[in-house]
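All values derive from a computational prediction rather than experimental measurement. Throughout, residue positions are numbered sequentially from 1 according to the sequence presented.
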Amino acid sequence: MESAGIGWIAAIIIGGVAGWLAEQVMKSNMGVFMNIILGIVGAVIANAILAVFGIVLTGWLGYLIAGFIGACILIAIGRAFRRG
């Protein structure tokens with residue numbers, strides 16, 4: 001998160017927004033705490049995946065986009081394990 005140019009409080013807020021957006025798009029029903037976790041962890045995972053392709057997202061907007069992408073990936077993985 002520090003490499004993205006944001007602090008912990010901003011990461012929690014942006015992670016919550018990213019998790020909520022992913023929840024709405026993926027038609028999932030998670031709580032506020034889980035949205036924050038999904039957004040933060042999703043941002044870390046998405047940044048790692050995007051870095052492999054040479055894409056680096058920084059700042060608030062980049063963290064929000066990465067959090068959204070990562071949270072959607074995590075929700076999809078969670079659904080696959082629940083159904084499988």
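A chain of hydrophobic side-chain contacts below 4.5 Å, direct or via other Ile, Leu, Val, Met, Phe, Trp or Tyr residues, connects V41 to F81. Residues L50 and V56 fall into different hydrophobic clusters, defined by Ile, Leu, Val, Met, Phe, Trp and Tyr side chains chained together at heavy-atom separations under 4.5 Å.
I49 pairs in a side-chain contact (heavy atoms from CB on, under 4.5 Å) with only one of the listed residues (N47, I45, V52), which is I45.
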N/O donor-acceptor pairs under 3.5 Å from side chains in residues 67-78, not counting sequence neighbours:
none

Can you list, pair by pair, the side-chain donor-acceptor contacts under 3.5 Å of residues 13-37, counting residues two or more places apart and other chains?
from, atom 1, to, atom 2, distance (Å)
E23, OE1, N35, ND2, 3.4
E23, OE2, M30, N, 2.5
N35, ND2, G31, O, 3.4

